[in-house]
Amino acid sequence: MNYILGAFKPACHISITFSDGKSRKQVPLKKENGQTAMVPLFQSQENISGKISIEPVSGKKVEHNGIKVELLGQIEMYFDRNNFYDFTSLVRELDVPGEIYERKTYPFEFSTVEMPYETYNGVNVRLRYILKVTISRGYAGSIVEYQDFVVRNYGPPPSINNSIKMEVGIEDCLHIEFEYNKSKYDLKDVIIGKIYFLLVRIKIKNMDLEIRRRESTGSGANTHVETETLAKFELMDGAPVRGESIPIRLFLSPYELTPTYRNINNKFSVKYYLNLVLVDEEDRRYFKQQEITMFRLGETS
Amino acid sequence: MHHNGVEDEEKWLAAGITGLQQNAFYMHRALDSSNLKDALKYSAQMLSELRTSRLSPQKYYELYMRAFDELRKLEIFFKEETKRGCSIVELYELVQHAGNILPRLYLLCTVGSVYIKSKEAPAKDILKDLVEMCRGIQHPLRGLFLRSYLSQVSRDKLPDLGSEYEGDAETVSDAVEFVLQNFTEMNKLWVRMQHQGPAREKEKREKERSELRDLVGKNLHVLSQIEGVDLDMYRETVLTRVLEQVVNCKDEIAQCYLMDCIIQVFPDEYHLQTLETLLGAFPQLQPSVDIKTVLSRLMDRLSNYAASSAEVLPEFFQVEAFAKLSNAIGKVIEAQDDMPVIGVVTLYSSLLTFTLQVHPDRLDFVDQILGACVTKLSGKGKLEDSKSRKQVVALLSAPLQKYNDIDIALKLSNYPHVMEYLDNGTKKEMASVIIQSIMKNKTLISNSEKVEALFELIKGLIKDLEGNLQSELDEEDFHEEQNSVARLIQMLHNDDPEEMLKIICTVKKHILAGGPKRLPFTVPPLIFNALKLIRRLQNRDENVAEEDTAATPKKIFQILNQIIEALSSVPVPEVAMRLYLQCAEAADDSDLEPVAYEFFTQAYLLYEEEISDSKAQVTAIHLIIGTLQRMHVFGVENRDTLTHKATGYSAKLLKKPDQCRAVYACSHLFWVDDQDSIKDGERVLLCLKRALRIANAAQQMANATRGSGGSVALFIEILNKYLYFFEKGVTQITVASVQSLIELITNEMQGENATPDPTADAFFASTLRFIQFQKDKGGAVGEKYEAIKV
């Protein structure tokens, strides 16, 4: 709705620049209109500072009841449009009510901002961070400008990271043992493992390893669960016999993964699963799904 | 679902090629513009065509080869990329992002090849990774081709000794390990093909499998090419591991092919040094494996190796190759209880060839093999199928060919025992082989024991064998056979008359058992061989002949008599009679009147009792006359009896002209130049006159029956006899008698009833010319003839 206001001829131009905008890393962010824009990347506890300059259009003066900049962390449920849950809201007043005749620049700073959640664009939910500049005006409605930015939080490698090892099967039909080298993977990791066939009585056509994302939103009776298959990686072609061991090596970097999010602000969770799928010649699928935890490892520069 | 096989396959192949080419086109464009991302994308799509399950191995191969060519271009591109600064390690990861496994692994192998060349990582690590990752393809056909691709791109990049990719101390092991692993996996896939798909397509599947076998075998070839594989490594690792796979795969086709492969690709000296291990695998193979062929080929190879140079022979002795092979064959035969006879014989045959090559001096080995063969054959009866019989013939022929000497075979005690298992036809065939060998090599069979043994061997030709009543044999073949036996009999010789006599007796014993059909072929050569001996005895210094020696002409003649007598059972009186006459003449040379007389008597008896055909009689009587004429041993009485008889036979011939001719021939019996006692002109004249009478009678008969005069030829012939005796000075032959005969002939020829006969005219003319010629000679002869007017 705020954007629609922008469709009217704005009285002034508002531009938001970050103080380290030139050097700060930019990442792509998918906008609502489907386009991708490059936006700056932050992490929690960082200082977010910069300048906001307001320039009235061709000599017009802008009367206002005050100017403020807000840093908002919002969760937006798609099935519940227009309802934003701001889990973070910081405000800096920039100017007392008055008039602006010419370009005026205001520095701002939010220091050591707590941004515990990462930017996320899911199927049913979006978590975004924005800087919102509001020029309050009594009668003509406020002039608002937004600047998205992305937050990613890095963690250390988990201290405990066991492998996933499991024997599964259908009695007298198929018994396999599979092993993934870890249960927690960073986003650029490689899944190494193997599948060992203990018993094969069905004619297997092929075997895939899928990476699935399970996004659940809402709570209680209103929980929405959405599962997407992000990767479908063929591990084996043809029918193995007993005793065969098939290697797994799946590079995660080509896929757009996020860390695992557990119960973000009581609004949503995003979990990842490895799904091992065996397809037989009659196209029956046999699968075993295992959750893996994704995390974002601090990038070594 | 049933597809219309071939046609559909062509369609699918065409579709595959089209898809492949399209993507290859985009890939080329990406390569040209150095667009790595697109290059990977389109190459993966291109390779996706290889994911098809619809093509037979042959068609799939076609598709594969096209992809292979494209991958070479891609490899070059990858190499250039790395030169342009793209990290090979990154590239190695990048290709693994492909979602489909088959294209991913083809790309991985391709990049892997560049990776090894870059030497940024040890070759062994990359190879190990590649061969491991390829496990993802469990589909037999696709897996075989992928691994074949791996083998292809890696074979010049193995960390072999001396290779630029050589690694640390274990480098050869690494190279070997890689190839072995690829080999093992390929073989497993190959074997698995057998068990997939419906049972009714078994045959088709086996055919397809055999089309693919070289893909698997290629690995063994690569192994054999690794420089660093020395004997120890071959023994400890290569052979052990390969055999382990071969034995464990429990697949007939694979075992048969791979065993043969091992034998063919690795060097002979390795085989020799690892013989025990190699042979140890054979009894562990599936019972249906055609071990005999494989094992035979091993022995053939070793035989050739032994033949290649005398220097290698000590190796054979050192490893006791014979004992090992012999032992292995025994075990295999034992393990494969239902091995057909042909298999057994083939194995022993190969072992025999091997032995002859490696141990030419060890006849005992040869005999041992034959003995083992006998043991296996015993209780099986005669060999039924022609293939195994052929194999036995080969087995038995081998020593003959090797030694070129039947003597050797005769020393092998088991040789005849093996022959026992042949059917009659094959026995004969074998006998022919033996005889041919003797002929070819002009082998002298020089004592009676050998002759005994030899005849035992060739008894198929010598006598009728039991159960061979129906003589299905072609007449011509039979003659051929018997002629060869006849030639063989001629070959027997010993300088010592005693031994030679023994030989003759031995032969006699055998041929007399040969039955009436053979005697006409076998008796004459024996007779002549014996006569040769007699002639030798005649020439011998008289002193040498001792009293108690058996080898006297007299004794031999007795034997000959018995032999010829045997012919009466046939009967072939003409042949027997000729032989009697031949013997009589020999007896004449030996001055044995009674013997000669006896032979003549026999000949006469045959003439009288057996020879009834008039043509045969004519021939016989002339033979008798001729022989008798040459005899000088007879006293007056005996001679009279014989000549009288001969004259009598002559006059009793059926046809007048024959009578006439025989009678005038008899005239010679009374006048022999070099025998003063035989100069009886009266009886000469009598004979000739009688001949004339008969000629006259013949003439009249011809007139009576045909209304025309017969030929005057008889008269002219008699005239010639007159002239002969006239010239010899027989006083009873006067000028007048000659003269009147000439006139008679002239009249006859000009007579009304004379039939024109140019031959007779010419004959007469030349006779007259002869008279004229003699006249012109002058001297005593000329004088004599002068009186005759022509």
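Letters go in sequence order (proteins before strands), and every chain restarts at 1.
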How about [X]: does its [atom1] atom have over 12 heavy atoms from other parts shown lying under 6.0 Å from it?
{"X": "A:Glu167", "atom1": "CD", "value": "yes"}
{"X": "B:Lys218", "atom1": "NZ", "value": "no"}
{"X": "A:Lys194", "atom1": "NZ", "value": "no"}
{"X": "A:Tyr286", "atom1": "OH", "value": "yes"}

Neighbourhood of chain B inside residues 238-260 of chain A, taking heavy atoms under 4.5 Å as contact: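 At a heavy-atom separation under 4.5 Å, chain B is reached by A:Gly238, A:Ala239, A:Pro240, A:Val241, A:Glu244, A:Ser245, A:Ile246, A:Pro247, A:Arg249, A:Phe251, A:Ser253, A:Pro254, A:Tyr255.
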Minimum heavy-atom distance between B:Ile101 and A:Asp237, given as atom pair plus value: CG2-CB, 3.7 Å
What residues of residues 131-145 of chain B sit under 4.5 Å from chain A when only non-hydrogen atoms are counted? B:Glu132, B:Met133, B:Arg135, B:Gly136, B:Ile137, B:Gln138, B:His139, B:Arg142
Check: A:Phe233 and B:His97 side chains under 4.5 Å, non-hydrogen atoms: no
